[in-house]
J.: 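Pasting a structure here, questions to come.
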Amino acid sequence: MQFLQIEVNKQNYLIDIDDITELLQYQAPSSISYLPKHFDGVINHKEKIIPIVSVRKLLGFSSYKDAQLSFIAKVEEQHVDWVKEFEHSLKTGEKFTKTLDPHKCELGTWIDDMLSCLRCNNHGFVDLLSQELASHHSALHDNGKLFLNDEAGDNNQKIKTIQENASNTIKGLHAIEAKIDKLTSAFEQIVLMKVNGVEIGVVVDRIDKAHDLDEKNYFTSAKNMSKESKYVQFIDYYEISKKLMFSVKFTNEFHKLLLENSSQSSDLTA
């Protein structure tokens, strides 16, 4: 069997390619008030109205946008603490315990991952990240390492430089936060599928690659490994390139949910 690897909330999943009709770059759905919370809305694709379902919501996670906003708030706080410890270490000589490598802190790893996405600049997000954040963040860590290893020089001037680097880094985070929809449009993707004859789009964080794998009782296993969602059934697991991946399919409960709402969606006009 062939499976498509997708990523949702930093976990890799596998879905049967036979159910997939097309892969799309993310486009913001039109919100429809009567649709359940698991639906983001509808899109008009090739003169058809297609309901859009969030896999994150089906699995009980927050939206991709909300997750990124929470991440930005978290790494901002981390870097405020980083500066405080740097100043303390510089003044007292006590060991600095946080990372001085800009690529190894949580924000740096995120920046590198975002910048490596070759398909993601159609909305200008990668350019925004490069211009507003990446260089300032690198300067903060690099100067911190330089200043802690250099006993000469004016400590007050070193602290002033670090504070400027940190201020620019935080301004960059705020610039990303203000244009968070660019991030969503750049990275999320839509998998068009037919589920029991109904065409839907499922929103995922990232589409990766296809894999040829054995069936592992894909259609017969009754084991549901998901304790969080009645809509997604976890069939089995695989280890591919040292990553744990779960093969999944939609449950009968999801089919009912889809059928209850698909007829109303198909009646809409663009």
J.: Looking at K57, I want to see if its NZ is surrounded by more than 12 non-hydrogen atoms of other residues, nucleotides or ligands under 6.0 Å.
T.: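 For K57, atom NZ is crowded (more than 12 foreign heavy atoms under 6.0 Å).
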J.: Ignoring hydrogens, what is the shortest heavy-atom contact between C105 and H79? Give both atom names and the distance.
T.: SG-NE2, 3.8 Å
J.: For Q11, is there any backbone N or O sitting under 3.5 Å from a side-chain donor or acceptor partner on N9?
T.: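 No, the answer is negative, given that no donor and acceptor are paired below the 3.5 Å cut-off.
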J.: Quick one: are E87 and V83 in side-chain contact, heavy atoms under 4.5 Å?
T.: yes
J.: F86 and F96: which non-hydrogen atoms are nearest, and at how many Å?
T.: N-CE1, 3.4 Å
J.: Would the distance check show the side chain of S54 and the main-chain N or O of F39 forming a donor-acceptor pair, the cut-off being under 3.5 Å?
T.: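 Answer holds: no.
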J.: I'd like to know whether NZ of K145 has more than 12 heavy-atom contacts from other residues, nucleotides or ligands below 6.0 angstrom.
T.: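 Not buried by this count: 12 neighbours or fewer within 6.0 Å.
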J.: Do the side chains of H136 and K171 get nearer than 4.5 Å, heavy atoms only?
T.: no
J.: Any sub-3.5 Å donor-acceptor pair from N143's side-chain atoms to A139's backbone N or O?
T.: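 A pair under 3.5 Å: yes.
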J.: Is there a chain of hydrophobic side chains (I, L, V, M, F, W, Y, each step under 4.5 Å between heavy atoms) that links V80 to I159?
T.: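 The answer is no; the residues belong to distinct hydrophobic clusters.
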J.: Do E76 and H174 have side-chain heavy atoms sitting under 4.5 Å apart?
T.: yes
J.: Would E85 and T97 count as a side chain to side chain contact (heavy atoms under 4.5 Å, CB included) if you check the C-alpha gap in whole Å, the side-chain angles of each, and the deciding distance to 0.1 Å?
T.: CA-CA 8 Å; E85 183 170 329; T97 63; 2.6 Å; yes
J.: Taking atom types as modelled, is there a side-chain donor on E199 or H45 under 3.5 Å from an acceptor on the other?
T.: no
J.: Would a 4.5 Å heavy-atom cut-off, applied to side chains only, mark F250 and L58 as touching?
T.: yes
J.: Are the side chains of L90 and I162 in touch, meaning some heavy atoms are under 4.5 Å apart?
T.: no
J.: So which atom in P36 and which in L257 form the shortest heavy-atom distance, rounded to 0.1 Å?
T.: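 For P36 versus L257, the nearest heavy atoms are CG-CD1, 3.7 Å.
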J.: For residues I207 and Q189, report the shortest heavy-atom separation together with the two atoms involved.
T.: N-OE1, 2.9 Å
J.: Report the C-alpha distance between L35 and V42 in whole Å, list the side-chain angles of each, state the deciding distance to 0.1 Å, and finish with yes or no for side chain to side chain contact (heavy atoms under 4.5 Å, CB included).
T.: CA-CA 9 Å; L35 290 176; V42 299; 4.2 Å; yes
J.: Is there a side-chain contact between L24 and I43, using heavy atoms and a 4.5 Å cut-off?
T.: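 Of all side-chain heavy-atom pairs linking I43 with L24, at least one is under 4.5 Å.
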J.: Find out whether S130 and L115 are in side-chain contact, i.e. whether some heavy atom of one side chain is under 4.5 Å from a heavy atom of the other.
T.: yes
J.: Without swapping roles, check the side chain of E188 against the backbone of L183 for a donor-acceptor pair under 3.5 Å.
T.: no
J.: Grab the two heavy atoms, one from Q27 and one from N44, that are nearest each other, plus how far apart they are.
T.: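 Minimum heavy-atom contact is OE1-O, 4.4 Å.
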J.: Check W82 against T99 and note the closest heavy-atom contact, atom names and distance.
T.: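 For W82 versus T99, the nearest heavy atoms are NE1-O, 2.8 Å.
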J.: So if you build clusters from Ile, Leu, Val, Met, Phe, Trp, Tyr with side-chain heavy-atom gaps below 4.5 Å, do F71 and L140 land together?
T.: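 No; L140 is not reachable from F71 via cluster members.
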J.: Using the rule that Ile, Leu, Val, Met, Phe, Trp and Tyr join whenever any side-chain heavy atoms are under 4.5 Å apart, tell me whether V126 and L173 fall into a single cluster.
T.: yes
J.: Taking the six-membered ring for Trp, are the ring centroids of Y13 and F234 within less than 6.0 Å of each other?
T.: yes
J.: What's the verdict on side chain to side chain contact (heavy atoms under 4.5 Å, CB included) for L107 and Q78, showing C-alpha distance, side-chain angles and the deciding distance?
T.: CA-CA 9 Å; L107 175 57; Q78 287 174 351; 5.7 Å; no
J.: Is the shortest side-chain heavy-atom distance between L4 and L23 below 4.5 Å?
T.: yes
J.: Taking NZ, NE, NH1 and NH2 as the nitrogens, is one of them in R206 or D113 under 4.0 Å from a carboxylate oxygen of the other?
T.: yes
J.: Would you check, one step at a time, whether the test salt bridge (charged side-chain N to carboxylate O under 4.0 Å, His left out) holds for R56 with D205?
T.: CA-CA 9 Å; R56 277 179 163 267; D205 295 356; 3.0 Å; yes
J.: Look at the side chain of T251 and the backbone N and O of Q233, then say whether any donor-acceptor pair between them is shorter than 3.5 Å.
T.: no
J.: Taking it one step at a time, do T169 and L133 satisfy side chain to side chain contact (heavy atoms under 4.5 Å, CB included)?
T.: CA-CA 6 Å; T169 297; L133 181 59; 3.9 Å; yes
J.: Classify the ring geometry of F254 against Y231: parallel below 30°, tilted from 30° to 60°, perpendicular beyond 60°.
T.: perpendicular
J.: Honestly curious: do L192 and Y26 fall in one hydrophobic cluster under the side-chain, below-4.5 Å linking rule?
T.: yes
